[in-house]
Protein chains: 2
Amino acid sequence: MPKDRAPTRIQKKNRAAILDAALNVFSAHGFRGATVDQIAAEAGLSKPNLLYYFPSKNAIHTALLSGLLDVWLAPLHDLDADGDPMEEMLSYIGRKLQMSRELPRESRLFANELVQGAPRIHDALSNDLKALVDEKTAVLTGWMDQGKIARLHPYHLIFSVWALTQHYADFDIQVRAILGDEDPFEGAAPFLDTLYRKLLTP
Amino acid sequence: MPKDRAPTRIQKKNRAAILDAALNVFSAHGFRGATVDQIAAEAGLSKPNLLYYFPSKNAIHTALLSGLLDVWLAPLHDLDADGDPMEEMLSYIGRKLQMSRELPRESRLFANELVQGAPRIHDALSNDLKALVDEKTAVLTGWMDQGKIARLHPYHLIFSVWALTQHYADFDIQVRAILGDEDPFEGAAPFLDTLYRKLLTP
DNA sequence: CGTGAGTTTGACCATATGGTCAAATCAAGA
DNA sequence: TCTTGATTTGACCATATGGTCAAACTCACG
């Protein structure tokens, strides 16, 4: 394995290629369903070569998850307590829907992990995620107290955003089987806009 | 394998035990992550004994999925075009949420399959599911035309029900990591009731 | 009981898969 | 160019896993 120095040009390139390939494979087949050979092939490396950069399949998966958790939570993180409540919420929902559209692999990576009991990120959920959600639900509750948005259970309100937006990435196949040629996001954006305007108006 | 006669007492018992065990294992680990040994152990049978009742791992999975698809779609199937629109929708949502509460394994079984591109039930989606959804969205559109419920994209309205209800079964771990001791369904039921009342009121 | 169908299993096989290793090759600075 | 560390690989290993099979055992019924 590479020493603990500054990464070389080749190291940067290969590590990135591996993580990108791993994202493809893990998100499409889950941890157990993914094979190291498959990831190596997709990254254009031999298996031993891949294992020269990451010590194990598990290490790749862990690196992926922890590297992407921040990206995944960024939209919620950006919810601004000082902004206009309704606008902030609608823009949060818009950012989240955009992520489902542009980063479906990441969404499915987490979906796979969560559906199977999150064996590898349970800690991150109870710590980082819980902390972020608690911080933001406090903001929501504040807005409700001020009568700026309708009073609702703040946790379930957050859940609803996650469910409604990630559904389009995670269950893409089902959505497309029903919509046919129609672009899912074309209809989803105005639908969610309407939904949350009605829901949040006091 | 057993002949094509009426199933014996033992056949009934073992087939049922296998399918129940398989539901446990497949829903928790996905198709690839489940092993025949694991299912056999959970069913209290030896592996060759299990394979005496089902010819392969795939056959068990297929039997499970097709056997449960009807159960899974029953709530939507029961949506009555002749009932009161708002009541019908709220009761559909209630039934669906109830299913997430009582049949989380079934929900995760389908979630696992869908997230990974539904390789084994793609046909059922484009045929049976699509047909049922088309039938029911026609009912919804009718209600919208009559001004009984708000005009919304009917497909996305259905998707929203699926997303919001199944989220509590599929991502149970995440929901509980955030809610702590609070029972998810305790809060979800009134939340969804409020949400859809606001959304569907014309 | 006796008997034949139904049921169960230990032993086994072929393949897939995560991972190792020593040897070969390559790249970049002195 | 030479040297040294970084990179790459073919060959290999141990284990896991889906599946098979012939032999043994059980059960229901005449």
Side-chain angles (χ1 to χ4, degrees), chain A residues 1-65 112-113 116 119-120, chain B residues 1-65 112-113 116 119-120:
Chain A
M1 35 205 122
K3 294 287 168 61
D4 204 1
R5 301 177 190 171
T8 69
R9 173 181 57 85
I10 295 177
Q11 273 171 43
K12 269 189 216 167
K13 194 194 67 178
N14 283 346
R15 276 177 195 281
I18 290 168
L19 288 177
D20 187 66
L23 179 55
N24 277 336
V25 179
F26 282 132
S27 68
H29 306 286
F31 180 79
R32 193 63 158 49
T35 75
V36 176
D37 290 272
Q38 218 178 332
I39 298 172
E42 194 135 341
L45 300 174
S46 66
K47 180 166 64 171
N49 200 177
L50 179 150
L51 289 168
Y52 167 73
Y53 291 99
F54 289 89
S56 69
K57 177 182 174 180
N58 221 311
I60 306 174
H61 194 250
T62 301
L64 250 193
L65 282 176
N112 261 302
E113 187 65 13
Q116 298 183 12
R120 279 165 276 271
Chain B
M1 38 206 122
K3 294 287 168 58
D4 205 2
R5 303 178 186 168
T8 69
R9 172 183 58 85
I10 295 177
Q11 274 172 42
K12 269 190 218 169
K13 194 193 66 176
N14 283 347
R15 276 179 193 280
I18 290 168
L19 288 176
D20 187 67
L23 179 54
N24 277 335
V25 178
F26 281 132
S27 67
H29 305 287
F31 180 79
R32 194 63 159 48
T35 75
V36 177
D37 290 272
Q38 217 178 334
I39 298 172
E42 194 136 339
L45 299 174
S46 66
K47 180 166 63 172
N49 199 177
L50 180 152
L51 289 167
Y52 168 73
Y53 291 100
F54 289 88
S56 69
K57 177 183 174 180
N58 222 313
I60 306 173
H61 193 249
T62 302
L64 250 194
L65 282 175
N112 261 301
E113 188 66 12
Q116 297 184 10
R120 279 166 275 272

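Here is the naming used below: chain letters follow the sequence lines, and residue numbers restart at 1 for every chain.
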Under 4.0 Å between a side-chain N/O of Asn14(B) and OP1 or OP2 of dG6(C), yes or no? no
Per the salt bridge (Lys or Arg N to Asp or Glu O under 4.0 Å) rule, what does the pair list look like for residues 49-63 of chain A, sequence neighbours excluded? none
Got a sec? Which of residues 21-50 of chain A come in under 4.0 Å of DNA chain C, heavy atoms? Ala34(A), Thr35(A), Val36(A), Lys47(A), Pro48(A)
Distance in angstrom units between Tyr53(B) OH and dG6(C) C1', rounded: 8 Å
Look up atom CZ in Arg120(A) and atom OG1 in Thr62(A), then write down how far apart they are to the nearest 0.5 Å. 7.5 Å
Would you compute the distance between atom CD1 of Ile18(B) and atom OH of Tyr53(B) and round it to the nearest 0.5 angstrom? 7.0 Å
For Ser27(B) and Leu23(B), the nearest pair of non-hydrogen atoms, with its separation, is OG-O, 2.7 Å
At under 4.0 Å, does any side-chain N or O of Tyr52(B) touch on OP1 or OP2 of dT7(C)? yes
Considering only distance and modelled atom types, tabulate donor-acceptor pairs under 3.5 Å from the side chains of residues 30-37 of chain B, sequence neighbours left out.
unit_1: Arg32(B); atom_1: NH1; unit_2: Arg32(A); atom_2: O; d: 3.3
unit_1: Thr35(B); atom_1: OG1; unit_2: Gln38(B); atom_2: N; d: 3.0

Whole-Å distance separating the CG atom of Leu51(A) from the P atom of dT8(D): 13 Å
Is any side-chain heavy atom of Glu113(A) less than 4.5 Å from a side-chain heavy atom of Pro119(A)? yes
For residues 39-47 of chain A, dump all side-chain donor-acceptor pairs below 3.5 Å to protein atoms at least two apart in sequence or in another chain.
unit_1: Glu42(A); atom_1: OE2; unit_2: Asn24(A); atom_2: ND2; d: 2.9
unit_1: Ser46(A); atom_1: OG; unit_2: Asn49(A); atom_2: N; d: 3.3

Please report the distance, rounded to the nearest Å, between NZ in Lys12(A) and P in dA6(D). 16 Å
With sugar-phosphate taken as primed atoms, P, OP1 and OP2 and all else as base, the protein-contact string of nucleotides 22-30 of chain D at under 4.0 Å (heavy atoms; B, S, -) is -----SS--
Is the shortest heavy-atom distance from the side chain of Ile60(B) to the side chain of Phe26(B) under 4.5 Å? yes
Round to a whole Å and report the spacing from NZ of Lys13(B) to C1' of dT7(C). 11 Å
Give the dot-bracket line for DNA chain D from 5' end to 3' end: parentheses for intra-strand Watson-Crick or G-U pairs under 3.5 Å, square brackets for crossings, | for inter-strand pairing, dots for unpaired. ||||||||||||||||||||||||||||||
I'd like to check the side chain to side chain contact (heavy atoms under 4.5 Å, CB included) partners of Ala63(A); sequence neighbours left out, ordered by chain and number. Leu19(A), Phe54(A)
So, using side chain to side chain donor-acceptor pair (under 3.5 Å) as the criterion, who are the partners of Asp20(A) when residues are at least two apart? Arg105(A)
From CZ of Phe54(B) over to C1' of dT20(D), roughly how many Å is that when rounded to an integer? 19 Å
Can you list the residues that meet the side chain to side chain contact (heavy atoms under 4.5 Å, CB included) rule with Ser56(A), with sequence neighbours excluded? Asn58(A), Ala59(A)
Interatomic distance, Gln11(A) CD vs dA27(C) C1' [rounded to whole Å]: 13 Å
Would you mind reading off the distance between Lys57(B) atom NZ and dG19(D) atom P, rounded to a whole angstrom? 8 Å
